[in-house]
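A short worksheet on the structure shown next.
The chains referred to below are lettered A, B, ... by the order of the sequence lines, with proteins before strands, and numbering in each begins at 1.
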Amino acid sequence: MTPVVLSGSVAVPTLADRLELVDDPEFPGISIVGLGMVDRVTTDGDGVQVDLVPTFRACTALGFIEADVRAALAPVADTVHVRWLDEAWTTDRVRADTRRRLADDFGVVIRGDDGTLSCPVCGSGTEVRDVSASGPTRCRSVAWCDACRNVVEVLGG
Amino acid sequence: MPTTLAERTAGPPVGRTWDDMDAFEAFLDAGGIVEAHDDMPEAYRLEVFRFIELHANSELMGGLTERDWIPKAPGLRLKQIFLAKTQDEIGHAHLLYMVAADMGKKSRPEMLDDLFAGRTRFHNVFHYQAVTWADQIAIAYLVDAAAFASQRAVFQNCSYGPYKRVLKRIVAEEGFHMRHGEEMLMRLAEGSEIQHRMFQEALDRWWMPAVQLFGPDSSDDDPLMRWHIKSQRNETLRHAYVQKYVPLLQGYGFTIPDEGLRHDPDAGWLISDIDWSELRATMRNGGPDSRRRIATAAGSHADTAWVREALEAAA
């Protein structure tokens, strides 16, 4: 999804471009905007407020993400307010190009609407089976592809 | 970390065969990636399997170390960090045991039995006792960084596809842990005199195990180098680590516990010669805390048997 950006004195494309460069701390190269974590950006004079949605409320990366957002916007905004919303994050928020990059670059997939999984390595749509409800993080479950015999991780469980 | 085409297989997997070891090694030298269905030479299969098993065991033993400190971590933020790190390391072990078991040499229960009976190995750094909270921070800052450097080097040129793909995520996550380590170190480095001294004492205990983690100088005929599992020699990685961490730690006002440490204008920081007998004994599960750690891991596995039974019954 695309964040709603309301214009102020700071150029909106500048803010969007800069936030696009903030990566998820566990996925270098995957931006928080693409993951749908940026809900809304508002500007007021020279200040900017960024509303974020955490993928998982107790995630220990939240402080780092907040610091990275501040650092990214500091050159163009006098003040940066970051707020974490209580809204629940779902995989529907992940942008299509980000889904592709998660699969291609990290072997991490998102379950289809019908609950099926496709293998990010060999492309099999029928031979990926769930193994465990969680893996290295609470926001990913673990599956295995019987076709090419690779581990598949599933974002959003 | 850009993806290369070789990290992915195109279409349905088809097992490949090679005429002999020369042909196989030429394939590896050309950047070839071995897949699970391939008819790889038995010596390669065994060597890669042992390497992944060692890695999996180390993640498991490391995760259990982190777990021990969840109740003792001061404050909610640090408890969260240790909970997340425990989940992460045990999760890594889980993925690695899947890949290792698939290689057909040993099942996961067999690997765990061997680990708990002291028949197989895990990294040297998990054979020592963490005495104070500062030790755990030294582990997060120094040991995780050494493990990160070593795993990244394996990832860079790893010839076994299923392992390389898991390593990519592990390396990304270890990079994230290092930020936790830095955050926690800063608290002690910039804290009271007592906190500063606590970390110095922990550094005195952990510097040498961290440096030894890279192992003795690589031999010229190391099969792990020849078969593109390791991409850099042990001494190269160790030297780079020393160049980075000596000035960082000194910058925070700490003393490196090595009286022979010196700076050479050309070679950079040089540490004293290492007596590798300690590492050899440790890797044979004869380290200062090996016995207790293995017993704790075995006990933890036995205590959770009911969970596995319940999951199997539900499946």
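- By the 4.0 Å N-to-carboxylate-O rule, D68(A) lies close enough to R179(B) to be salt-bridged with it.
- Taking 4.0 Å as the cut-off between side-chain N and carboxylate O, D39(B) and R16(B) do not count as a salt-bridged pair.
- Every residue two or more places apart in sequence or in another chain was checked for a side chain to side chain donor-acceptor pair (under 3.5 Å) with R45(B), and none qualifies.
- Using cut-offs of 30° and 60° on the angle between ring planes, the pair F27(B) and W18(B) is tilted.
- The existence of a salt bridge linking E173(B) and K85(B) is excluded, since no basic side-chain nitrogen approaches an acidic carboxylate oxygen closer than 4.0 Å.
- Between Y163(B) and F51(B), the ring planes are perpendicular. Angles over 60° get that label, and only those under 30° would be called parallel.
- Here the two rings, on F64(A) and F176(B), have centers that are under 6.0 Å apart.
- Only the backbone of A143(A) comes within less than 4.5 Å of a heavy atom in chain B; its side chain stays farther off.
- Interface with chain A: from residues 93-112 of chain B, residues H94(B), L95(B), M98(B), V99(B), D102(B) qualify, criterion being any non-hydrogen pair under 4.5 Å.
- If you measure heavy-atom distances from H180(B) to chain A, the contacts under 4.5 Å come from both the backbone and the side chain.
- Proximity to chain B involves both the backbone and the side chain of V151(A), based on heavy atoms less than 4.5 angstrom apart.
- Neither the backbone nor the side chain of S124(A) comes within contact range of chain B, judged by heavy atoms closer than 4.5 Å.
- A salt bridge links R101(A) to D105(A): one of the charged nitrogens lies within less than 4.0 Å of a carboxylate oxygen.
- The contact between I81(B) and chain A is made by backbone and side chain atoms together, counting heavy-atom distances below 4.5 Å.
- Contact of E183(B) with chain A is made through the side chain alone, with heavy-atom distances under 4.5 Å.
- Checked for salt-bridge contact, R57(A) and E87(A) miss the test: no charged N lies under 4.0 Å from a carboxylate O.
- With chain A as partner, the option from R77(B), H92(B), R169(B) having the largest number of non-hydrogen pairs under 4.5 angstrom is R169(B).
- Contact annotation for R140(A): only side-chain heavy atoms (C-beta onward) come within less than 4.5 Å of a heavy atom of chain B.
- Salt bridge absent: E26(A) and R138(A) never bring a charged side-chain N and a carboxylate O closer than 4.0 Å.
- Put simply, of D88(B), I90(B), I170(B), the one with the most heavy-atom pairs under 4.5 Å next to chain A is D88(B).
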